[in-house]
Amino acid sequence: MSDAPAAKPSVLFVCVHNAGRSQMAAAFLTHLSQGRIEVRSAGSAPADAVNPAAVQAMAEAGIDMSAETPKVLTTEAVRGSDVVITMGCGDTCPVFPGKRYLDWKLDDPAGQGVEAVRPIRDEIERRVRILMTELLHDHDPDPDRT
């Protein structure tokens with residue numbers, strides 16, 4: 001057995017516009033995992049900019065998303081990820097064997113004010129924390145170590 005560290009787990013968050021849900025999920029996972037997980041986000045039809053209400057809601061949680069921009073979904077991004085989490089992109093997400101796919105049913109924050117985005121943000125954070133715990137435990141070569 002090799003003593004080389006296992007590759008970091010990688011996650012791709014996908015929604016249609018890559019302007020709200022997937023951006024918030026990626027920002028939470030990046031922030032909470034502190035570099036222990038490779039994080040990507042993309043959209044099947046990216047918007048021109050990240051949803052300002054999502055940026056404001058994340059700022060309230062202490063995470064700055066103001067420099068983020070929506071990115072187009074590529075097959076390379078999917079291929080390079082261990083886990084692909086879709087958020088309402090339907091059949092536009094490419095599927096590859098050997099990947100773990102999750103579909104998170106979440107309200108779309110598009111066109112909503114920050115008051116409507118806060119509960120979506122909080123639910124995303126809850127799910128991201130669970131996902132992160134699972135991924136880091138699964139990739140720990142010695143999960144029983146203290």
Trainee: Could you tell me which non-hydrogen atom of Ala25 sits nearest to which non-hydrogen atom of Val128, and how far apart they are?
Mentor: O-CG2, 3.8 Å
Trainee: How would you list all residue pairs meeting ring pair (Phe, Tyr, Trp, His ring centres under 6.0 Å) that involve residues 13-62, not counting sequence neighbours?
Mentor: Phe13-Trp104
Trainee: Residues in side-chain hydrogen bond (donor to acceptor under 3.5 Å, both in side chains) with Arg36, at least two apart?
Mentor: none
Trainee: Give the C-alpha distance, both sets of side-chain angles, the deciding distance and a yes or no for side-chain contact (heavy atoms from CB on, under 4.5 Å) between Thr133 and Leu131.
Mentor: CA-CA 5 Å; Thr133 300; Leu131 175 71; over 6 Å; no
Trainee: Given Leu73, which partner from the list Val16, Val14, Val84 fulfils the side chain to side chain contact (heavy atoms under 4.5 Å, CB included) test?
Mentor: Val14
Trainee: Carefully, step by step, assess Leu12 and Ile85 under the rule side-chain contact (heavy atoms from CB on, under 4.5 Å).
Mentor: CA-CA 6 Å; Leu12 170 64; Ile85 298 176; over 6 Å; no
Trainee: Can you give each donor-acceptor pair under 3.5 Å made by side-chain atoms of residues 56-68, sequence neighbours left out, with the distance rounded to 0.1 Å?
Mentor:
| from | atom 1 | to | atom 2 | distance (Å) |
| --- | --- | --- | --- | --- |
| Glu60 | OE1 | Arg118 | NE | 2.7 |
| Glu60 | OE1 | Arg121 | NH1 | 3.4 |
| Glu60 | OE2 | Arg118 | NH2 | 2.8 |
| Asp64 | OD1 | Ser66 | N | 2.8 |
| Asp64 | OD1 | Ser66 | OG | 2.6 |
| Asp64 | OD2 | Ser66 | OG | 3.4 |

Trainee: Enumerate, atom names and distances included, each donor-acceptor pair closer than 3.5 Å involving a side-chain atom of residues 105-114, sequence neighbours excluded.
Mentor:
| from | atom 1 | to | atom 2 | distance (Å) |
| --- | --- | --- | --- | --- |
| Lys105 | NZ | Asp103 | OD2 | 2.5 |
| Asp108 | OD1 | Ala110 | N | 3.0 |
| Gln112 | NE2 | Asp108 | O | 2.9 |

Trainee: If you compare all heavy atoms of Arg40 against all heavy atoms of Ser81, which two are closest, and at what distance to 0.1 Å?
Mentor: NH1-OG, 2.9 Å
Trainee: Without swapping roles, check the side chain of Lys99 against the backbone of Arg79 for a donor-acceptor pair under 3.5 Å.
Mentor: yes
Trainee: Nearest 0.5 angstrom please: Leu136 CG to Ser33 OG, how far?
Mentor: 7.0 Å
Trainee: Looking only at non-hydrogen atoms, find the nearest pair between Gly20 and Ala54 and report the distance.
Mentor: CA-CB, 4.2 Å
Trainee: Would you find a donor on one side and an acceptor on the other, under 3.5 Å apart, between the side chain of Lys8 and the backbone of Gly35?
Mentor: yes
Trainee: Using the rule given for salt bridge (charged side-chain N to carboxylate O under 4.0 Å, His left out), can you reason through Arg100 versus Glu134, listing the C-alpha separation, both sets of side-chain angles and the distance that settles it, and then say yes or no?
Mentor: CA-CA 13 Å; Arg100 178 179 171 198; Glu134 290 172 359; 3.1 Å; yes
Trainee: State, yes or no, whether a side-chain contact exists between Thr86 and Leu102 at a heavy-atom distance under 4.5 Å.
Mentor: no
Trainee: Does some side-chain heavy atom of Val50 sit less than 4.5 Å from a side-chain heavy atom of Pro70?
Mentor: yes
Trainee: For Thr30, check side-chain contact (heavy atoms from CB on, under 4.5 Å) against everything at least two apart and list the hits.
Mentor: Val39
Trainee: Would you say Val11 and Asp82 make side-chain contact, with heavy atoms under 4.5 Å?
Mentor: no
Trainee: For Asn18, what residues pass the side-chain hydrogen bond (donor to acceptor under 3.5 Å, both in side chains) criterion, not counting sequence neighbours?
Mentor: Ser22, Gln23, Ser41
Trainee: Can you tell me how far CD of Glu38 sits from CG of Leu135, rounded to the nearest 0.5 angstrom?
Mentor: 12.0 Å
